[in-house]
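Below is one structure, written out as structure tokens, with a few remarks after it.
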Amino acid sequence: MDLYVSESGVAMEIQLAEPWPTTVAEAVAVQRRLRHRVRAGDDAGSPVRTVAGVDVAYAADSDRLAAAVVVLDHTTLDVLETSTVVTTAEFPYEPGLFAFRELPTLVTALRGLRTVPDLIVCDGHGLAHPRRFGLACHLGILADVPTFGVAKNVHVGEFVPPASQRGATSPLTVGGEVVGAAVRTRSRVKPVFVSVGHRISLDTACAHTLTLSTHYRLPETTRHADHLSREVLAGRISPTVAG
DNA sequence: GCGACAG
DNA sequence: ATCTTGTCGC
């Protein structure tokens, strides 16, 4: 496969907002300003050959955090490339604003990639967010790459539990508006919550979620990234990018 | 005022 | 998110 690789070795030039918000008010303002750039809906004819999973692990007793990006072959689920980095948290965790805590580190790790993934699966929500601009939307806009979110818990919205069989889904709604879907990736196991990030439809995002969740509740992309970020944070694996 | 609140 | 032991099950 002919993956795009620039001469410098840096595949993506992602720019963080300047300056990066430091207060809740500033962060909310940024979300309100960028939310209008989100495009829900599938890109025209672009096959997905590579899928990236991203995740961040936190130290319990310090403000260190490690981000990991794992690129998989969408068909075989083989790991094609990884990028990791360890940094320090600057923004506190606030429900609805955690993108501001994780994105700086996540973007640093993404810049370390030699290839541009066709799709990025995020750990958290996209449109299923108070201002319809969760981490998956934010990252999709900054990287201009199709993204969607797979969260383990609901943040906003209501849903009726989907049928107990794997593959069953039900809408996640806020005041009648569909913002995502509860997806049963394993029979009789708590569903995950899928929502659009950028340049993808909810149906396609749900289909990818099931394709990527072969043996466990969470997609393999998320599992790989979660494991790698913990190993790097623990110092058992060296980060590939300088913090 | 009270409870909820992605990771 | 992270702190934590054993335990039930394939």
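Quick note on labels: first sequence line is chain A, next is B, and so on, each numbered from 1.
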| message | For L65(A) and D63(A): C-alpha separation, side-chain torsions, deciding distance, then whether side-chain contact (heavy atoms from CB on, under 4.5 Å) applies. | response | CA-CA 7 Å; L65(A) 64 166; D63(A) 53 357; over 6 Å; no
| query | Can you give one letter per nucleotide of nucleotides 1-7 of chain B, going 5' to 3': B for a protein heavy atom under 4.0 Å from the base, S for sugar-phosphate only, - for none? | reply | ----SBB
| said: Across nucleotides 4-10 of chain C, 5' to 3', mark each nucleotide with B, S or - according to how protein heavy atoms within less than 4.0 Å reach it. | reply: -------
| field | Donor-acceptor pair between Y58(A) and E102(A) side chains, under 3.5 angstrom | value |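 Checked: Y58(A)/E102(A) side chains pair up, N/O donor to acceptor below 3.5 Å.
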| request: Go through the side-chain N and O atoms of S164(A) and S187(A) and say whether any donor and acceptor fall under 3.5 Å apart. | output: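 Side chains of S164(A) and S187(A): no pair found under 3.5 Å.
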| Has R223(A) got its NZ or CZ under 6.0 Å from the middle of the six-membered ring of Y216(A), at an angle within 45 degrees of the ring axis? | yes
| Are any of the side-chain nitrogens in D144(A) or R199(A) under 4.0 Å away from the carboxylate oxygens of its partner? | yes
| Can we say R101(A) and E94(A) salt-bridge, meaning some charged N sits less than 4.0 Å from an Asp/Glu carboxylate O? | no
| How many Å lie between CG on L106(A) and P on dA1(C), as a whole number? |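 Result: 14 Å.
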| query | When you look at CZ of R236(A), are more than 12 heavy atoms from neighbouring residues, nucleotides or ligands closer to it than 6.0 Å? | reply |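 Counting other residues, nucleotides and ligands, CZ of R236(A) exceeds 12 neighbours.
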| request: Give a yes or no on this: more than 12 heavy atoms of other residues, nucleotides or ligands lie within 6.0 Å of atom NE2 of H215(A). | output: no
| Can you name the residues that form a side-chain hydrogen bond (donor to acceptor under 3.5 Å, both in side chains) with H224(A), not counting sequence neighbours? |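 Not a single residue meets the side-chain hydrogen bond (donor to acceptor under 3.5 Å, both in side chains) criterion with H224(A).
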| Can you give the dot-bracket line for DNA chain C, using ( ) for pairs inside the strand, [ ] for pairs that cross earlier ones, | for pairs with another strand and . for unpaired bases, where Watson-Crick and G-U count if both distances are under 3.5 Å? | ..........
| message | I need the residues from residues 232-243 of chain A with at least one non-hydrogen atom less than 4.0 Å from DNA chain B; give them sorted by number, or say none. | response |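 Result for residues 232-243 of chain A: none.
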| task | Kindly state which residues belonging to residues 207-231 of chain A come within less than 4.0 angstrom of DNA chain B, counting heavy atoms of the residue only, listed by number. | result | none
| Do the ring centers of H138(A) and F100(A) come within less than 6.0 Å of each other? | yes
| From CA spacing to verdict: side chain to side chain donor-acceptor pair (under 3.5 Å), T204(A), S201(A) | CA-CA 5 Å; T204(A) 299; S201(A) 69; 2.9 Å; yes
